[in-house]
There are 2 protein chains.
Amino acid sequence: MIPTPDMVLTQLRKGVVEYCVLACLRSGPAYGLELAERLGTDSSLLTSEGTLYPLLSRLRQQGWVTTTQVPSAVGPPRRYYELTDEGRATLETFTATWSRFTADVRTTLES
Amino acid sequence: MIPTPDMVLTQLRKGVVEYCVLACLRSGPAYGLELAERLGTDSSLLTSEGTLYPLLSRLRQQGWVTTTQVPSAVGPPRRYYELTDEGRATLETFTATWSRFTADVRTTLES
DNA sequence: GGGGTCTATCTTGTTTCGCAAGGTACCTGC
DNA sequence: GCAGGTACCTTGCGAAACAAGATAGACCCC
């Protein structure tokens, strides 16, 4: 019973998707479904909106993003998410931690 | 409230430690505390034995390792874990998945 | 104005995993 | 015996991703 890549990926995403969303917002505000599409089709970092929305709530609650509701011509209003200074700082902390972690894993895998 | 690196790491380890243990066993059999020391002091991949032992049970249950109990001169008998062929195949699958995943994350973080 | 179809957000229940704290048992030396 | 080190295992907890479904606004066409 060798695990499928999908099963492996589900675990690997934990604690990473969150910060990838922050990284996406670095280039400017975006709304939920837009982020879901970017992270779900371009990369394999998100599989379901059921992951995204609770995650976005956490980001807002932590003060890493602010939100503004904007009416849309093609449907219900969109909630745009924008990175705060604290969000930027958090992202930098993560990036440094991520680098060290992946280096440790690589060393172990190659040992 | 910027998260501490420790809080970030706890999440990052999920789904990774398991395969790092397999990687450690590639160079030959080892017992629990030995693995805990290697992964806990050399790298920052393991913080507590409470993580390790349930994990080792899973590995055995999946058929990725076999165990042999060996009496020790300095304490209770040690349970040595040895990689199976299926464990080796699993490890290769993980390594490939891990490479693709980290590439995706890196791309997102740098975008 | 009623039905259908997008678009968009949010909620619920489940599973998996790492972690801290504590418990059990074996062996040696005083 | 009993103190201390070695080695293994268990329990209760919290965090995060996921699938599936719920809610609801805007548009179109009849």
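In what follows, every chain begins at residue 1, and chains take the letters A, B, ... in the order their sequences are listed. Bear in mind that the values here come from a model prediction, so they are computed numbers and not experimental data.
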Colleague: Rounding to an integer number of Å, can you tell me how far L55(A) CG sits from dC10(C) C1'?
Modeller: 14 Å

Colleague: Pull out every residue in residues 63-83 of chain A that has a heavy atom closer than 4.0 Å to any atom of DNA chain D, ordered by number, or say none.
Modeller: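 Listed by number, they are A73(A), G75(A), P76(A).
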
Colleague: With no hydrogens and no angle check, is any side-chain donor or acceptor of S72(A) less than 3.5 Å from a backbone partner on R78(A)?
Modeller: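 No; judged by distance alone, with no hydrogens or angles, the pair does not exist.
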
Colleague: Please list, for nucleotides 2-4 of chain C, all pairs of protein and nucleotide N/O atoms separated by less than 3.5 Å.
Modeller:
none

Colleague: Count the heavy atoms of every other residue, nucleotide or ligand shown that sit under 6.0 Å from CD of E86(A), and state whether that count exceeds 12.
Modeller: yes

Colleague: Please give me the minimum heavy-atom distance between L22(B) and G87(B), naming the atom from each residue.
Modeller: CD1-O, 4.0 Å

Colleague: Go through it in stages, so that I can follow the logic: the residues are R58(B) and L55(B), the test is side-chain contact (heavy atoms from CB on, under 4.5 Å), and I'd like the CA-CA distance, side-chain angles, deciding distance and then a yes or no.
Modeller: CA-CA 5 Å; R58(B) 284 205 304 276; L55(B) 185 157; 4.0 Å; yes

Colleague: Are any non-hydrogen side-chain atoms of L56(A) and L35(A) less than 4.5 angstrom apart?
Modeller: yes

Colleague: So if I take residues 23-43 of chain A and measure heavy-atom distances to DNA chain D, which residues fall below 4.0 Å?
Modeller: none

Colleague: Under the rule for side chain to side chain contact (heavy atoms under 4.5 Å, CB included), what residues qualify as partners of T93(B), not counting sequence neighbours?
Modeller: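 Expected list: I2(A), T97(B).
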
Colleague: What residues, two or more places apart in sequence or in another chain, satisfy side chain to side chain contact (heavy atoms under 4.5 Å, CB included) together with T95(B)?
Modeller: L109(A), L91(B)

Colleague: Taking only residues two or more places apart in sequence or in another chain, which ones pass side chain to side chain contact (heavy atoms under 4.5 Å, CB included) with R88(B)?
Modeller: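 If we apply the side chain to side chain contact (heavy atoms under 4.5 Å, CB included) test to R88(B), skipping adjacent residues, the hits are R26(B), L83(B), D85(B).
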
Colleague: Please report the shortest heavy-atom distance between S27(A) and R38(A), naming the atom on each side.
Modeller: OG-NH1, 4.1 Å

Colleague: Using whole Å, what does the distance between atom C1' of nucleotide dG18(C) and atom CG of L46(B) come to?
Modeller: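 It works out to 9 Å between those atoms.
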
Colleague: Which nucleotide span of DNA chain D, 5' end to 3' end, has atoms closer than 4.0 Å to non-hydrogen atoms of chain B?
Modeller: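 The contacted stretch runs from dT6(D) to dA16(D).
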
Colleague: Can you list, by residue number, the residues of residues 89-100 of chain B that have a non-hydrogen atom closer than 4.0 angstrom to DNA chain C?
Modeller: none

Colleague: Minimum heavy-atom separation for G32(B) to L52(B), with atom names?
Modeller: O-CD2, 3.2 Å

Colleague: Under the 3.5 angstrom rule, does the side chain of S43(B) hit a backbone N or O of G40(B) as a donor-acceptor pair?
Modeller: no

Colleague: Is the CD atom of E92(A) crowded by more than 12 outside heavy atoms at less than 6.0 Å?
Modeller: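 For E92(A), atom CD is not crowded (no more than 12 foreign heavy atoms under 6.0 Å).
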
Colleague: Base, sugar-phosphate or nothing for T47(B)? Non-hydrogen atoms, less than 4.0 Å.
Modeller: sugar-phosphate

Colleague: Please list, in numerical order, the residues of residues 4-14 of chain B that have a heavy atom closer than 4.0 Å to any atom of DNA chain C.
Modeller: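 Going residue by residue through residues 4-14 of chain B, the ones with a heavy atom under 4.0 Å of DNA chain C turn out to be T10(B), R13(B), K14(B).
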
Colleague: Identify the two heavy atoms, one from A30(B) and one from L25(B), that lie closest to each other, and give their separation to 0.1 Å.
Modeller: N-CD2, 3.8 Å

Colleague: When you check the phosphate oxygens OP1 and OP2 of dC10(C), does a side-chain N or O of R58(A) lie under 4.0 Å from one of them?
Modeller: no

Colleague: Nearest heavy-atom pair of L45(A) and C20(A): which atoms, and what distance?
Modeller: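 L45(A) and C20(A) have their closest heavy atoms at CD1-SG, 3.8 Å.
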
Colleague: In whole Å, I'd like the distance from the CD atom of E18(B) to the P atom of dC19(C).
Modeller: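 Result: 13 Å.
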
Colleague: Check each residue of residues 101-111 of chain B for a non-hydrogen atom within less than 4.0 Å of any atom in DNA chain D, then write out the ones that pass by number, or none.
Modeller: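 Within this stretch, nothing sits under 4.0 Å of the strand.
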
Colleague: Kindly indicate, with the supporting measurements, whether the criterion side-chain contact (heavy atoms from CB on, under 4.5 Å) is fulfilled by T90(B) and Y19(B).
Modeller: CA-CA 8 Å; T90(B) 299; Y19(B) 300 99; 3.7 Å; yes

Colleague: Around atom CD of Q61(A), are there more than 12 heavy atoms from other residues, nucleotides or ligands closer than 6.0 Å?
Modeller: no

Colleague: Quick one: which residue pairs count as a ring pair (Phe, Tyr, Trp, His ring centres under 6.0 Å) with a foot in residues 54-85 of chain B, not counting sequence neighbours?
Modeller: Y31(B)-Y80(B)

Colleague: Determine whether T10(B) and R13(B) satisfy the following criterion, side-chain contact (heavy atoms from CB on, under 4.5 Å), listing intermediate values before the conclusion.
Modeller: CA-CA 6 Å; T10(B) 293; R13(B) 292 191 188 100; 3.9 Å; yes

Colleague: In terms of ring plane angle, is the pair F101(A) and W98(B) parallel, tilted or perpendicular, where the classes change at 30° and 60°?
Modeller: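 Plane angle over 60°, so perpendicular.
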
Colleague: Under the rule for side chain to side chain donor-acceptor pair (under 3.5 Å), what residues qualify as partners of S44(B), not counting sequence neighbours?
Modeller: D104(A)

